[in-house]
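So the structure is just underneath, and the comments pick up after that.
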Amino acid sequence: MTPPLSISGTTAIAGVLGHPVHHSLSPVMQNAALRQMGLNWVFLALPAPAEQLATVVQGLEAMGCRGLNVTIPHKHSVAALTRELSPLAERLGAVNVLVPMAGGGWFGTNTDVEGFIAPLRGTTAPGQRAVVLGCGGSARAVVAGLVELGFSSIALAGRRPEALAAFQQDCQAWVPQLQPLPWTHDGTGLAEAIAACDLLVNTTPVGMASASNPDAAAACPLDAGELDALQATTVVYDIIYTPRPTRLLAQASQRGCRSIDGTEMLVQQGAAALRLWSGQTDVPVDAMRKALLLHLDGQ
Ligand SMILES: NC(=O)c1ccc[n+]([C@@H]2O[C@H](COP(=O)([O-])OP(=O)(O)OC[C@H]3O[C@@H](n4cnc5c(N)ncnc54)[C@H](OP(=O)(O)O)[C@@H]3O)[C@@H](O)[C@H]2O)c1
């Protein structure tokens, strides 16, 4: 039985920094875990406008904050406010976790890669081919995960040539197998790559819905020709977690593909962050997943 949340004069804070951040699901997951672990902390969504980020980060350190998640739009800019960065965060240019350091300052790292990989572990083999839709922030963590899993070919579809070129320039030293794919929906290129891939990952927000925008659930990032190129042996992974399933995953399942949604990535990046903040290797991942799914099902 999970003890109830009890806030007292000795309760410490942890939280997620973003702007806006009221939609974040991290408080639901992290507070469920903190209660289960018996830690006298509370995890809050902390809005930080870009021009106030440095003040907020310094103030939280001064208040003895136990740890922070970082989300849009600060994953890149917060790196400059750290005392030390993990090699992974440095390579990706993206920080989603801050850990207070002994002696002061923040250690910045990235657990999105670990979160992305978690539901794929044991189901992929080195030498496989992937197609990634979108070349924004989360695509960097996804590509790093695919490299770690040993994918030999990673086709990256992007609608803006300059964004694709910038991505390739940032990553070319550590992702020689990256093939930029201009995404023009003209019946060439992407459909061919999809037909030949073992794993398709959507990192665009297309198909993501919310209570204020339920109609967005009808959208699919692939057009009819691209969907028809999907083979039943291809695993389709949509990192979106609302709705479940997304239109893309529903279409993939109809074609016999195994599908993976974004909930486990979200749970596992949060669990990895909590291990770093608490220093405990055994964190209640089941309680985090249960709280998240309960919350999503109630929306
Ligand atoms: N499960 C998880 O733990 C997790 C973690 C992180 C993110 N996510 C989800 O992943 C999604 C993307 O997040 P992000 O941080 O990567 O966003 P982002 O940095 O804005 O990147 C989004 C990418 O999608 C592209 N895109 C947007 N609309 C498109 C369209 N209609 N057609 C083709 N490409 C389009 C963007 O292209 P342009 O640059 O041309 O706009 C950009 O390359 C969000 O839905 C987010 O909730 C999930």
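Keep in mind that the numbers below use all heavy atoms, side chains included, and drop hydrogens, waters and symmetry copies. All ligand and atom numbering here is 1-based and tracks the order in the structure.
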Anything with a heavy atom under 4.0 Å from ligand 1 counts, so go ahead and list those protein residues by chain and number.
-> I72, G134, C135, G136, G137, S138, R159, R160, W183, T203, T204, P205, V206, M208, I239, I240, Y241, G262, M265, L266
When you check the side-chain N and O atoms of T111 and N96, is any donor under 3.5 Å from an acceptor?
-> yes
N213, CG atom: more than 12 neighbouring heavy atoms under 6.0 Å = yes
Would a 4.5 Å heavy-atom cut-off, applied to side chains only, mark L199 and L120 as touching?
-> yes
List, by chain and then residue number, the residues other than L248 in its hydrophobic cluster (Ile/Leu/Val/Met/Phe/Trp/Tyr, side-chain heavy atoms under 4.5 Å); write none if there are no others.
-> V131, L133, L181, W183, L190, I194, L200, L222, L227, L230, V236, L249
Could R121 and E148 be called an ion pair, given the rule that one side-chain N must be under 4.0 Å from one carboxylate O?
-> yes
Side-chain heavy atoms under 4.5 angstrom apart, residues restricted to Ile, Leu, Val, Met, Phe, Trp, Tyr: same cluster for L81 and L88?
-> no
